[in-house]
Amino acid sequence: MGDRQAPEPLLLVQELANTLDIESGTDRLATPEDLDRFADDHELTRFRLDEPDLAGLRELREALRAACLAHTGAPVPPEAAEALERHLRAAPLALRIGAQGEAALEAAPGLAGLPALTAHLAARIATAAGDGSWQRLKACEAHDCQWVYYDRSPAGRSRWCTMAVCGSRAKMRTYRARRAR
């Protein structure tokens with residue numbers, strides 16, 4: 001990922017979205033064992049994710065990918081917007097004020113499983129939206145890629161995960177289409 005890796009707090013959102021490699025068809029959330037591995041690798045075991053959470057997590061992943069694709073100018077499809085709304089509604093946040101007066105969003109008490117993880121992700125996204133970095137978490141415009149990357153370009157107008165591969169392919173397709181006319 002290199003320079004396309006998202007900063008905290010968006011790194012977990014990026015890594016969740018990229019558990020599906022569209023180009024190769026590899027899904028790292030295909031089985032309950034994959035879910036356990038993802039939870040272990042990302043220190044998410046406290047959320048007690050279980051097999052019944054797997055389908056919902058994959059749906060949330062794709063809805064987050066659609067939101068990241070919207071950061072390049074595409075509208076969020078209605079089914080993705082509905083999925084995000086449904087998952088977020090089941091994942092309330094609470095504002096905690098610490099001993100030093102610091103404020104932090106966190107999952108509301110009593111949540112477990114997918115709603116607890118969703119609240120955790122929502123708190124990270126809210127923090128990133130506040131500092132302006134959420135809009136820079138994008139999904140590659142190439143329909144056969146859609147890899148989620150962090151746009152570090154000065155103007156924040158990047159459209160592809162890498163210019164050398166997806167950007168080059170898109171420009172070549174445009175060139176060939178122009179020449180064919």
Side-chain angles (χ1 to χ4, degrees), residues 1 3-20 28-29 35 38-50 52-141 146-159 161:
M1 227 179 297
D3 68 336
R4 296 298 194 146
Q5 183 172 317
E8 285 295 337
L10 292 174
L11 186 56
L12 180 59
V13 176
Q14 180 184 31
E15 290 182 354
L16 172 61
N18 287 337
T19 58
L20 175 64
R28 292 182 322 205
L29 287 177
L35 176 61
F38 181 79
D40 287 343
D41 290 350
H42 294 88
E43 299 176 357
L44 304 173
T45 55
R46 69 187 180 279
F47 298 119
R48 300 188 310 273
L49 295 164
D50 207 348
D53 295 315
L54 191 54
L57 185 57
R58 287 191 298 253
E59 179 185 51
L60 179 61
R61 168 188 70 193
E62 295 312 310
L64 287 169
R65 182 190 314 278
C68 291
L69 188 57
H71 294 159
T72 64
V76 176
E79 62 277 2
E82 187 278 325
L84 280 172
E85 187 173 325
R86 186 171 19 84
H87 284 287
L88 292 169
R89 209 175 20 249
L93 294 173
L95 180 63
R96 180 183 50 80
I97 305 294
Q100 305 301 317
E102 70 280 5
L105 284 174
E106 58 186 32
L111 291 179
L114 183 56
L117 176 59
T118 302
H120 180 70
L121 293 169
R124 289 168 166 254
I125 291 168
T127 299
D131 70 19
S133 60
W134 169 240
Q135 290 297 117
R136 287 185 175 257
L137 190 63
K138 299 178 177 183
C140 182
E141 276 190 5
Q146 294 189 354
W147 193 254
V148 174
Y149 66 96
Y150 191 76
D151 181 359
R152 294 186 184 278
S153 67
R157 289 193 219 134
S158 159
R159 297 170 39 202
C161 62

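Going from atom CG of Leu35 over to atom CG of Asp50 covers 7.5 Å, rounded to the nearest 0.5 Å. Here the SG atom belonging to Cys161 is positioned 10.5 Å from the CD atom belonging to Gln146, to the nearest 0.5 angstrom. Between the CG atom in Leu49 and the CG atom in Leu29 there is a gap of 9.5 Å [rounded to 0.5 Å]. Atoms NE2 and CZ, on His87 and Arg89 in that order, are 10.5 Å from each other to the nearest 0.5 Å. Atom CD in Gln135 sits 9.5 Å away from atom SG in Cys68 (nearest 0.5 Å). Separation of atoms NE2 (His120) and CZ (Arg46) is listed at 5.0 Å; rounding is to 0.5 Å.
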Quiz prompt | Verdict with supporting geometry, Thr19 and Leu57, side chain to side chain contact (heavy atoms under 4.5 Å, CB included) | solution = CA-CA 11 Å; Thr19 58; Leu57 185 57; over 6 Å; no
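The two atoms that bring Asp131 and Ser133 nearest to each other are OD1-OG, 2.6 Å, heavy atoms only. When all heavy atoms of Gln5 and Arg152 are compared, the closest pair comes out as O-NH2, 2.7 Å. The minimum heavy-atom distance between Ala112 and Arg48, with the atom names listed, is CB-NH2, 3.1 Å. Shortest non-hydrogen contact noted between Pro115 and Ala91 is O-CB, 3.2 Å. In terms of heavy atoms, Ala119 sits closest to Leu93 at O-CD2, 3.1 Å. Annotation for Ala139 and Tyr149: closest pair C-CE2, 3.9 Å, computed over non-hydrogen atoms.
Shown are Leu117, Leu114, Asp53; of these, the side-chain contact (heavy atoms from CB on, under 4.5 Å) with Phe47 is made only by Leu117.
With hydrogens and angles ignored, the 3.5 Å screen pairs no side-chain donor or acceptor of Asn18 with any backbone N or O of Trp147.
Contact annotation: the side chain of Leu121 approaches that of Leu60 to within less than 4.5 Å [non-hydrogen atoms, C-beta and beyond]. Between Glu8 and Arg124, the closest side-chain pair of non-hydrogen atoms falls below 4.5 Å. Here the side chains of Leu12 and Leu44 are in contact, with some heavy-atom distance below 4.5 Å. For the pair Ser158 and Arg4, the minimum side-chain heavy-atom distance is below 4.5 Å. Counting heavy atoms from C-beta outward, Asp151 and Leu137 have side chains that stay 4.5 Å or more apart. By the 4.5 Å heavy-atom criterion applied to side chains, Arg58 and Leu20 are not counted as neighbours. A 4.5 Å side-chain heavy-atom check between Phe38 and Leu16 finds at least one atom pair inside the cut-off. Looking at heavy atoms from C-beta onward, Leu111 lies in side-chain contact with Pro92 at the 4.5 angstrom threshold.
Other residues, nucleotides and ligands contribute more than 12 heavy atoms inside 6.0 Å of the CD atom of Glu102. When the shell of 6.0 Å around CZ of Arg157 is examined, it contains 12 or fewer heavy atoms from other residues, nucleotides or ligands. Heavy atoms from other residues, nucleotides or ligands lying under 6.0 Å from CD of Glu85 number 12 at most.
For Glu82 and Arg86, the salt-bridge test passes: some basic side-chain N is under 4.0 Å from an acidic carboxylate O.
Taking the six-membered ring where tryptophan is involved, the planes of His71 and Trp134 are perpendicular, since the angle between them exceeds 60° and thus also 30°.
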